[in-house]
Enquirer: 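I'd like to ask you about the structure that follows.
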Amino acid sequence: MRLLFLGDVVGRSGRKVVKHRLPELVSRWRLDFVVINGENAAGGFGITEPICQELLDAGADCVTSGNHVFDQKEALVFAARQERFLRPLNYPPQTPGRGANIFTARNGARVLVVNLMGQLFMPALDDPVAAVVREIEAMPLGRECDAIVVDFHAEATSEKQVMGAFLDGKASLVVGTHTHVPTADHRIQPGGTAYMSDVGMCGDYDSIIGMQKDEPLHRAMTKIASGRLGPAMGEATLSGIAVELDDTTGLATKVSALRLGPHLEEAVPTFWDEDR
Ligand SMILES: [Fe+2]
Ligand SMILES: [Fe+2]
């Protein structure tokens with residue numbers, strides 16, 4: 001089974017690169033399932049229902065989110081009815097939307113996607129470990145589902161590595177999102193779970209984490225907010241992780257970073273082109 005996870009889509013340029021490149025990648029690599037974090041897709045802050053649909057139409061099977069999930073207030077409404085859109089699971093139970101759902105991939109596999117948020121340097125939510133334990137005990141890998149993808153939206157690499165180690169052997173893929181900067185530690189852990197501390201963003205890297213540089217620089221020099229932060233509008237880079245899973249165990253057999261676009265060194269999963 002072939003999985004692709006793309007990091008936080010930032011603004012119009014991020015949406016453009018997803019729409020421009022993802023459909024071709026889905027067919028070229030015969031991808032079975034695609035997850036995209038869309039928390040910054042609407043002008044850098046949150047996501048609207050039409051934008052969520054754009055990402056689904058481009059090839060996403062599930063759109064995850066994070067701390068910016070409700071920046072656009074309409075997300076409070078559509079999060080409840082759009083079954084392919086997730087907000088972090090460890091929000092209070094009264095929060096609209098869902099934090100996990102099960103989907104059927106293009107190869108017929110049952111895929112559980114869980115969206116979690118960290119506790120270090122983030123808004124205070126419930127314990128993400130307790131939340132994910134409840135999900136995977138109800139839907140164990142290899143029994144109730146064929147693949148488990150966990151998007152752990154968190155700031156600290158230490159907290160992300162703890163989640164990766166905790167879920168090793170219990171999930172197919174654990175990725176970090178939120179920092180908008182890809183790490184170089186994509187790998188398969190000893191128990192067979194693919195892991196990457198942060199998959200980066202789909203956005204313009206000639207920026208401050210996807211935002212135009214002027215205002216953050218001004219704030220750094222003066223300690224005064226003089227304007228709004230706006231997404232950088234230059235050409236975006238598609239950034240994420242590609243994973244091949246064993247169809248019987250649901251564990252990872254191959255992993256590669258994906259970086260396509262200007263500013264960052266290109267990375268593509270060569271293992272899917274070789275067997276065409
Ligand atoms: Fe983000
Ligand atoms: Fe975030």
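Values below: all heavy atoms of this structure, side chains included; hydrogens, waters and symmetry mates excluded. Both counts, for ligands and for their atoms, begin at 1 and track the order of listing.
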Enquirer: Establish, yes or no, whether the cationic atom of Lys170 lies under 6.0 Å from the six-membered ring centre of Phe166 and within 45° of the ring axis.
Expert: yes
Enquirer: Give the intermediate values and the outcome of side chain to side chain contact (heavy atoms under 4.5 Å, CB included) for residues Phe33 and Val113.
Expert: CA-CA 11 Å; Phe33 200 79; Val113 183; 3.7 Å; yes
Enquirer: Which atom, among the N/O/S set of His180, is closest to the Fe ion (ligand 1)?
Expert: NE2
Enquirer: Between the side chain of Asp185 and the main-chain N/O of Ser197, is any donor-acceptor distance below 3.5 Å?
Expert: yes
Enquirer: Apply the hydrophobic cluster definition, ILVMFWY joined by side-chain contacts under 4.5 Å directly or through others, and give me every member besides Leu120.
Expert: Phe121
Enquirer: Within less than 2.8 Å, report the number of protein N/O/S atoms around the Fe ion (ligand 2).
Expert: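 Atoms of protein N, O or S type lying less than 2.8 Å from the Fe ion (ligand 2) total 4.
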Enquirer: Got a sec: does the NE2 of His20 have more than 12 other heavy atoms crowding it under 6.0 Å?
Expert: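 No - once you tally the heavy atoms of other residues, nucleotides and ligands closer than 6.0 Å, there are 12 at most.
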Enquirer: Please determine if Glu144 and Arg110 form a salt bridge, counting it only when a charged side-chain N lies under 4.0 Å from a carboxylate O.
Expert: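 Not counted as a salt bridge, because no side-chain N and carboxylate O are separated by less than 4.0 Å.
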